Amino acid sequence: RTVTPAWILAQFKHSSFRHQEPTLDQCWTGLAHPSQKRKAAPDTRNKGGGWIQKSRNLHEFAPVTVVKASSVDNPMILRIHQAKKKRIQSQQSSSSGGDSVGVVKNPPLCNRGRNEGISNMLKQLSNLHLECPLGTMDHWRAYHYGLMAGRVKQLDFEIVDERVLPRLQHIQGFGDSIRNKIKEYLQTGTCQKIKELERDPYRKAVQSMIKIWSIGPIKGKELVELGYRTIRDVRKGLSRGELDGLSANAKIGIDCYEDFEERMSRSEVSQIGDIVIRTCRQVLPGAEATIMGSYRRGLPNCGDIDVLILHPDFVETTPKGALGRLIRMLHQSGHMLHDLTSVDGMTAGGNGTELQSESDDSVFHSRSSEIEGQGETSMGLQKYGHYHGSSSYMGVFASPTDAGKRRRIDIKIYPYQERAFASMYFTGNGDFNRSMRLWSSKARGMTLNDHGLFPNGTDFANGKESVDKLKGASLPAATEEDIFELLGLEYRAPSERDSFDAIVEKSTSQPVAIVELDKGEIHHEMKHIWID
DNA sequence: CGGCAGCGCAC
DNA sequence: GTGCGC
DNA sequence: GCCG
């Protein structure tokens, strides 16, 4: 199964295609652009950490052996490449074979706008199944429809005639069902399935329940079976005391139902961000706080706001209780209205010991388990101890621009050494992250998450606590670019990370790097990287 | 027929 | 462990 | 819903 349809995007390279980087304000963050930020990165502080300072050749630091795909003794990798070769061949033969009827060849646009009608239809189908998954089947239907909605947009031809269908057959992901729906769309301009799903009153009711934040398919179905059909019903039930069993978060979700549906302008997001960032600097001098998510990807409007906090003095740890202090201050200033999660240090006191929301049985290195340690070098940081791991907060923020409106906000703090991975994850989008992680695991044999990139076979990847911390360590990356490099992928700017297919192997003709791990080898490499 | 990312928090 | 969200 |  090919994760990366490089063969689709490759066609763009030989055309007049040029990606126009949007000049939207603040689409940039130092995390992503090594050329500008690298010099400033305080790698030198981390004497014990040994961070790589610049992007280097994979072999220089990664415990990775490079093997020709054809000689790899790994059935998964083999299958991926054989399937890919087959598709490329059939693609070539079908395009040279004069079956260009029904195809309008256009110079590719900037990755969007093509086949928009069909894409929208598939997106609708995805949403209808996503918002109302009545069985577990629907979840994956929605997933696949969503992927294909993205993929039709990246084709190098416009689908205007059903004679193009045989050609679609060669493109991965377009099976019978989807091709038939495209056929129907070409003939009638609509899709009966969509109409049918939209008509279904049960689905419709579940759908409106699911739109309540913290209500998913299970609780949604429950509510509908209890007789609730609309948000009004639910509110009525709540006031009558029929729904006391709902979680605290569900009550907030019900209260903010309309507000959470709405999207914000970039300027509102940036103003909220300023408030959070300013407060953050007061609470934690020297902190680097950045707005992530769709804002960083440059979208014209955003559904929520994501803020990532880092501090260069906390390389392997995070300042204990700092996130809680920040939240507390935002509450006091009236900006933060509700908490959807609790965080250490959030309630009074402020030394970060009163709330034990983080469990001690967490298994992984660099995640949990408090360590002793005081004494910061910087004056303002003296109040903070070290917490071994990241923490995240979800809450509800009062709009500074639209009085009375309530906005979803996520704030996360990570150890500085995880900054590249955290910013990748927090930038998204969701499909892009899933694609990247699938690629990591299936093509590279590594596990990617917001904390690092872990060669499979290590203790981390096996979900075990490491006695020897080195065995659980991530491959190091100081910038997002390094992560792409480690995975052998073309770099993608945040604004380009907009789909599952936005991931492209660095040079398709080059050998494929896969991980051939040996426990001792990993240990040795890690030692080299982290201590040397 | 199994897989489709990988994780943290609330309950 | 399940449900939910990111 | 599609793939292997």
Side-chain angles (χ1 to χ4, degrees), chain A residues 1-3 75-76 78-80 82-84 86-87 122 125-126 129-130 133 135-149 151 169 171-181 193 210 212-222 245-250 252-253 260 292-294 303-306 308 339-344 355 357-359 362-364 367-368 389-395 408-412 414 421-422 424-442 446-454 460-461 463 500 503:
Chain A
R1 174 166 187 170
T2 298
V3 175
M76 177 60 90
L78 266 179
R79 258 183 279 131
I80 287 173
Q82 281 166 356
K84 195 169 186 171
K86 233 168 66 187
R87 256 197 325 280
L122 295 173
L125 280 165
S126 172
H129 287 95
L130 186 74
T136 49
M137 307 302 294
D138 277 357
H139 170 79
W140 295 113
R141 280 203 185 107
Y143 172 80
H144 196 81
Y145 277 129
L147 292 194
M148 292 311 111
R151 196 161 291 169
Q169 205 160 3
I171 296 170
Q172 188 205 32
F174 295 89
D176 290 345
S177 171
I178 286 183
R179 285 206 318 282
N180 281 334
K181 288 190 175 62
K193 185 76 184 171
I210 285 177
I212 301 168
W213 197 90
S214 86
I215 300 295
I218 307 289
K219 266 276 168 315
K221 269 190 278 187
E222 254 174 57
L246 286 180
S247 68
N249 284 355
I252 296 169
F260 288 177
M292 312 298 287
S294 49
D304 66 357
I305 161 161
D306 309 301
L308 174 63
D339 304 315
L340 298 164
T341 61
S342 58
V343 161
D344 191 17
L355 247 178
S357 58
E358 285 86 358
S359 58
S362 187
V363 283
F364 301 125
R367 285 234 196 145
S368 185
S390 65
S391 40
S392 61
Y393 169 82
M394 297 193 275
R408 277 277 299 107
I409 184 165
D410 291 356
I411 307 175
K412 293 170 195 274
Y414 281 80
F421 301 99
M424 278 286 301
Y425 161 72
F426 221 8
T427 299
N429 70 5
D431 281 345
F432 184 85
N433 285 348
R434 293 171 89 166
S435 177
M436 195 99 169
R437 290 167 182 206
L438 194 63
W439 170 263
S440 305
S441 98
K442 293 299 183 286
M446 299 192 269
T447 298
L448 175 67
N449 60 29
D450 50 337
H451 301 283
L453 179 62
F454 306 88
F460 176 92
F500 197 90
I503 282 173

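From a predicted model like this one, the values you see are computed outputs, not experimental measurements. What you see below is based on every heavy atom in this structure, not just the backbone, and it leaves out hydrogens, waters and symmetry mates. A note on names: the letters A, B, ... follow the listed sequences, proteins ahead of strands, and every chain is numbered from 1.
- Every ring pair (Phe, Tyr, Trp, His ring centres under 6.0 Å) that A/Y414 has, sequence neighbours left out, goes to A/H451.
- Panel note: side chain A/D410, backbone A/D306; no donor-acceptor pair is recorded below 3.5 Å.
- Computed from coordinates, the A/N433 CG to B/dA5 P distance equals 11 Å when rounded to whole Å.
- A/Y143 has its OH atom 10 Å from the C1' atom of B/dG3, to the nearest Å.
- Look at CE on A/M436: it is 16 Å from P on B/dC7, rounded to the nearest Å.
- The salt bridge (Lys or Arg N to Asp or Glu O under 4.0 Å) search around A/D138 returns A/R141, A/R203, not counting sequence neighbours.
- To the nearest whole angstrom, the two P atoms, one in D/dC3 and one in B/dA5, are 16 Å apart.
- Here the range on DNA chain C touched by chain A, meaning any atom under 4.0 Å from one of its heavy atoms, is C/dG3 to C/dC6.
- For the pair A/L438 CG and B/dC4 P, the computed distance is 7 Å after rounding to whole Å.
- Ranking B/dG6, B/dC11, D/dC3 by closeness to the A/S247 side chain, first place goes to B/dC11.
- Every residue meeting the salt bridge (Lys or Arg N to Asp or Glu O under 4.0 Å) condition with A/K219, not counting sequence neighbours, appears here in chain and number order: A/E222.
- Put simply, OH on A/Y393 is 16 Å from C1' on B/dG8, counting in whole angstrom units.
- From A/I215, atom CD1 reaches atom CG of A/N249 across 9.5 Å, with rounding to the nearest 0.5 Å.
- Within the nucleic acid shown, A/S441 comes within 4.0 Å of sugar-phosphate atoms alone, with no base atom in reach, counting heavy atoms only.
- One atom, CH2 of A/W213, and another, C1' of B/dA10, lie 9 Å apart when rounded to the nearest Å.
- Note: NE2 (A/H451) to P (B/dG6) measures 14 Å, nearest angstrom.
- Distances shorter than 4.0 Å separate none of the side-chain N or O atoms of A/R437 from OP1 or OP2 on B/dA5.
- Nearest to the side-chain atoms of A/S392 among the listed nucleotides B/dC7, B/dG8, D/dC2 stands B/dG8.
- Between A/I409 atom CD1 and A/D339 atom CG the span is 11.5 Å, to the nearest 0.5 Å.
- With sequence neighbours excluded, the residues satisfying salt bridge (Lys or Arg N to Asp or Glu O under 4.0 Å) with A/R179 are A/D176.
- The shortest distance between the side-chain N/O atoms of A/N249 and the OP1/OP2 oxygens of B/dA10 is not below 4.0 Å.
- Looking at heavy-atom distances under 4.0 Å, A/R408 makes contact with sugar-phosphate atoms alone, never a base.
- Considering only residues two or more places apart in sequence or on other chains, A/Y393 meets the ring pair (Phe, Tyr, Trp, His ring centres under 6.0 Å) condition with none of them.
- Among the nucleotides D/dC2, B/dC4, B/dA5, the one closest to any side-chain atom of A/K442 is B/dC4.
- Nucleic acid contact for A/A248: sugar-phosphate only, since backbone atoms but no base atoms lie under 4.0 Å from a heavy atom of the residue.
- Here D/dC3 presents its P atom at 12 Å from CD1 of A/I171, a figure rounded to the nearest Å.
- Under the stacking definition used here (centres under 5.5 Å, planes under 30°), the residue A/W140 fails to qualify as stacked on the base of D/dC2.
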